[in-house]
Amino acid sequence: MRITIAGAGIGGLATALSLHAAGFEDITVHEASRQVRPLGVGINLLPHAVRELTELGLAGRLAAIAVPTAELAYFNRYGQAIWSEPRGLGAGYRWPQYSVHRGALQMLLLDAVRERLGAHAVRTDSRITGLRHGSDLLIGADGIHSSVRAALFPGEGAPPWNGLVLWRGTTFGEPFLTGRSMIMAGDGTQKFVAYPIGDGRQINWIAERPLGGEPPERGNWNRPADLAAVVGHFADWTFDWLDVPGMIAAAEAAYEYPMVDRDPLPHWTRDDVVLLGDAAHAMYPVGSNGASQAIIDARVLAHSLATTGGTAAYEEIRRPATTALQLANRQQGPEVVMRLAHERAPGGFDDIEQVVPLAERTAIAAAYKRLAGFDPALLNGRASWSVR
């Protein structure tokens with residue numbers, strides 16, 4: 001089978017590796033950019049995605065470039081703790097959770113593809129613009145502005161915007177809390193996220209709030225941001241354990257991005273074409289799921305092709321699951337605890353148990369893990385997607 005993959009992002013490269021591991025050899029990845037460069041800032045890889053990369057033989061390489069996340073903690077806009085839970089191995093998973101620079105992960109995958117499939121397996125400056133591809137299967141892994149998706153669903157238009165804007169950046173600074181903590185602070189409307197990447201001294205951060213008027217360019221993660229304006233929105237967010245405006249002001253660079261996703265699709269496949277990753281199910285960056293879900297797509301698609309000869313099983317497994325996740329992320333996913341705490345105690349609280357009881361917080365966290373496919377018991381006990 002000759003397979004063409006549109007897009008050399010995390011999803012496309014993970015797909016090439018997964019197909020190769022499943023026994024496919026004639027695979028070509030087409031990337032529109034002239035050069036694959038390590039762009040972007042930090043992302044989180046949840047244990048279910050780390051499992052898949054581990055089974056692809058990349059555990060050691062991944063550990064060398066990532067920080068194993070110790071905990072996830074939510075706070076209100078005054079820095080008061082709402083919820084905290086261990087993550088990765090500390091939460092009973094057989095695989096860690098990692099915080100990693102997106103570009104570093106992409107280059108890791110690119111190197112592995114070239115080693116295993118050959119130096120010419122990835123063709124740069126080669127854009128797939130339609131459904132004619134000269135192979136047995138075209139996999140559209142070309143992102144939120146997918147040309148393959150546009151050809152399958154002409155007239156869909158730009159990704160819908162929800163009125164929020166994200167600013168993302170990295171700052172060299174002192175560790176906070178455990179030194180491997182991922183924190184989110186906010187009130188359900190305005191939010192700040194931070195976690196260490198690289199060697200642990202580089203802090204990746206995300207600031208989010210509503211923006212009036214027209215959105216900035218949709219789907220461009222590399223649009224420079226005005227740091228002074230971002231600091232102004234978070235000027236009074238100075239906690240005992242974290243200086244939010246100081247961290248933003250000290251950033252090496254920052255990027256502006258409107259909060260957009262894609263509406264769920266009625267199908268991902270047609271004849272010899274199938275969608276994957278953001279091209280299939282772009283979702284709000286809630287719950288650390290974008291890259292993780294693309295990696296899982298890659299593994300399930302390879303398993304489907306190798307065991308059934310087609311893509312029907314892949315879509316049957318993945319489309320309902322990611323549709324539910326897209327819709328849940330529009331409702332803030334597990335981050336809803338910050339909104340609940342603000343609605344019930346807008347000025348802060350003395351005892352979180354009187355505001356959002358432990359049983360409610362626990363149920364919210366557990367439900368999202370089940371929905372997103374990383375409930376510890378279910379993930380640890382699930383059969384592998386490896387073919388051989």
Side-chain angles (χ1 to χ4, degrees), residues 9-10 13-14 35-54 56-73 75 84-91 93-113 115 166-185 192-207 221-222 224-225 227 230 239-255 257 285 288-292 295:
I10 291 170
L13 295 171
Q35 180 182 4
V36 180
R37 295 183 293 139
L39 300 176
V41 284
I43 60 172
N44 257 256
L45 288 178
L46 298 175
H48 53 356
V50 176
R51 172 181 180 173
E52 304 310 329
L53 296 179
T54 299
L56 287 171
L58 299 173
R61 296 188 189 191
L62 182 57
I65 64 168
V67 174
T69 309
E71 68 166 344
L72 169 65
F75 300 84
S84 177
E85 63 179 18
R87 281 296 176 109
L89 300 178
Y93 292 98
R94 292 170 55 195
W95 303 271
Q97 176 172 326
Y98 282 126
S99 300
V100 61
H101 191 285
R102 180 201 173 279
L105 174 61
Q106 185 180 11
M107 298 310 291
L108 182 159
L109 297 174
L110 177 65
D111 290 343
V113 168
E115 289 168 11
L166 306 177
W167 295 281
R168 302 170 65 102
T170 58
T171 302
F172 282 94
E174 294 298 318
F176 55 88
L177 300 181
T178 68
R180 295 189 290 118
S181 299
M182 179 180 186
I183 68 97
M184 299 187 186
F192 185 80
V193 181
Y195 52 84
I197 59 174
D199 62 1
R201 294 177 300 170
Q202 189 176 22
I203 309 300
N204 182 83
W205 57 263
I206 305 162
W221 282 103
N222 301 303
L227 279 176
V230 183
F239 312 145
D240 292 341
W241 49 275
L242 186 67
D243 179 2
V244 172
M247 180 172 289
I248 296 172
E252 303 168 279
Y255 306 96
Y257 183 80
S288 307
N289 261 289
S292 293
I295 291 167

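- For the atom pair CE (Met184) and OH (Tyr195), the distance works out to 8.5 Å, reported to the nearest 0.5 Å.
- Considering only heavy atoms from C-beta on, Pro47 stays 4.5 Å or farther from Arg94 through its side chain.
- Here the straight-line distance linking atom CG of Leu227 with atom CD1 of Ile248 works out to 8.0 Å at 0.5 Å rounding.
- With contacts defined as side-chain heavy-atom distances shorter than 4.5 Å, the pair Leu62/Leu105 qualifies.
- Note: Phe192 and Trp205 have parallel aromatic rings, judged against thresholds of 30 and 60 degrees for the angle between ring planes.
- Residues meeting the side-chain hydrogen bond (donor to acceptor under 3.5 Å, both in side chains) test with Glu252, sequence neighbours left out: Thr170, Gln202.
- When side chains are defined from C-beta on, Leu13 does not count as touching Val36, because their heavy atoms never get closer than 4.5 Å.
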Next item on the list: Start with the C-alpha distance between Arg87 and Leu46, add both sets of side-chain angles, then the distance that settles side-chain contact (heavy atoms from CB on, under 4.5 Å), and finish with yes or no.
Entry: CA-CA 9 Å; Arg87 281 296 176 109; Leu46 298 175; 3.5 Å; yes
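- Contacts of Asp199 classified as salt bridge (Lys or Arg N to Asp or Glu O under 4.0 Å), with partners at least two apart in sequence or in another chain: Arg201.
- Test Val50, Ile197, Leu45 against Val100 for side chain to side chain contact (heavy atoms under 4.5 Å, CB included) and you get one pass: Leu45.
- Here the CZ-OH distance, from Arg168 to Tyr255, works out to 11.0 Å after rounding to the nearest 0.5 Å.
- Contact of the His101 side chain with the Leu39 side chain is not registered, since no non-hydrogen atoms from C-beta on lie closer than 4.5 Å.
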Kindly list each side-chain donor-acceptor pair under 3.5 angstrom involving residues 63-72, sequence neighbours excluded, with atom names and distances?
residue, atom, partner, partner atom, Å
Thr69, OG1, Asn44, OD1, 3.4
Thr69, OG1, Ser99, OG, 3.1
Glu71, OE1, Ser84, OG, 2.8
Glu71, OE2, Ser181, OG, 2.6

Checklist line | Derivation and outcome, side-chain contact (heavy atoms from CB on, under 4.5 Å), residues Arg102 and Val41 | finding: CA-CA 6 Å; Arg102 180 201 173 279; Val41 284; over 6 Å; no
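- Between Ile203 and Phe172 the shortest side-chain heavy-atom distance does not fall below 4.5 Å.
- For Tyr98, there are no side-chain hydrogen bond (donor to acceptor under 3.5 Å, both in side chains) partners, not counting sequence neighbours.
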Next item on the list: Check step by step if side-chain contact (heavy atoms from CB on, under 4.5 Å) holds for Phe176 and Ile183.
Entry: CA-CA 10 Å; Phe176 55 88; Ile183 68 97; 3.6 Å; yes
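- Considering every non-hydrogen atom in both His48 and Ser292, the closest pair reads CE1-CB, 3.7 Å.
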Next item on the list: Assess whether side-chain contact (heavy atoms from CB on, under 4.5 Å) is satisfied between Trp167 and Ile206, documenting all intermediate values.
Entry: CA-CA 6 Å; Trp167 295 281; Ile206 305 162; over 6 Å; no
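- Rounding to the nearest 0.5 Å gives a distance of 8.5 Å between CE of Met182 and CG of Asn204.
- Partners of Glu115 by salt bridge (Lys or Arg N to Asp or Glu O under 4.0 Å), not counting sequence neighbours, listed by chain and number: Arg61.
- Among residues two or more places apart in sequence or in another chain, the ring-ring contact (aromatic ring centres under 6.0 Å, His included) test is passed with Tyr93 by none.
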